[in-house]
Amino acid sequence: MKEKLKKLIPWFILAIIFLGTGIWYLLSKRVTQEQITTYQQIISEADSQYEAREYSTAINRYYDAADVIPSRVEAYEGIINILLLKNRTADAVEIVEKSAKKISNYDKSVLYWKIGNKYFEDSLYDQALSAYLDGLG
C-alpha cells in the first residue's frame with residue numbers, strides 16, 4: 001500500500017502543477033470589463049483625432065489602445081491607415097509582422113489587404129501581390 005502511495009504522489013503533484021498553470025494562463029488571458037471600457041474610450045479619442053487630421057496624436061492613442069488589449073484589430077487598423085496615408089507602407093508591413101502578433105489570422109489578412117491595395121494604387125504590383133499572398137498565408 002505504501003509503495004502504491006509513493007508512486008502516486010509524484011503524479012498527483014504533477015497534476016496539481018498542470019492544473020495551476022492552466023488556471024493561471026486562463027486568468028491572465030481574459031479581458032476585463034474595465035479594460036474593454038478603457039480600450040473603447042481610447043479608440044474613440046484616436047478616431048476623433050484621426051478625423052481632425054492630428055495624425056501623430058492619433059497614432060499614439062492607437063498604440064495606447066493596442067497596449068490595453070493587444071488582441072483587438074481596431075487599434076492596428078488605425079495605425080495602418082495613418083501609415084498608409086503618409087506613404088509609409090514598409091512601416092505598415094513591419095507593424096503587421098511584429099506588433100500585431102496577438103490578433104487572429106483573419107484580422108491580419110484584413111491588414112495585409114489594406115497594404116496590398118495601397119501598393120496596387122501606387123502601381124507596385126509585385127509588392128501588392130506579395131502583401132495579398134501574406135494575407136492568404
Which residue pairs pass the ring-ring contact (aromatic ring centres under 6.0 Å, His included) test with at least one member in residues 115-137, sequence neighbours excluded? F120-Y125
Could you point out which residue of I69, I43, V68 forms a side-chain contact (heavy atoms from CB on, under 4.5 Å) with T38? V68
Would D67 and Y62 count as having a side-chain donor-acceptor pair, cut-off 3.5 Å? no
Scan side-chain atoms only and decide if T57 and N60 contain a donor-acceptor pair under the 3.5 Å cut-off. no
Hey, does the side chain of E97 reach the backbone of E94 with a donor-acceptor pair shorter than 3.5 angstrom? no
With rounding to the nearest 0.5 angstrom, report the CD1 to CZ distance, I79 to R88. 11.0 Å
Check side chain to side chain donor-acceptor pair (under 3.5 Å) between S71 and all other residues, then give those that pass, not counting sequence neighbours. none
Should D64 and Y39 be marked as a side chain to side chain donor-acceptor pair (under 3.5 Å) after you check the CA-CA gap, both sets of side-chain angles, and the distance that decides it? CA-CA 8 Å; D64 293 341; Y39 180 85; over 6 Å; no
Give a yes or no on whether [X] and [Y] share a hydrophobic cluster (residues Ile, Leu, Val, Met, Phe, Trp, Tyr; joining criterion: side-chain heavy atoms under 4.5 Å apart).
X    : Y    : result
L129 : Y112 : no
V110 : I95  : no
W113 : I103 : no

Heavy-atom side-chain proximity of I80 to L84 below 4.5 angstrom: yes
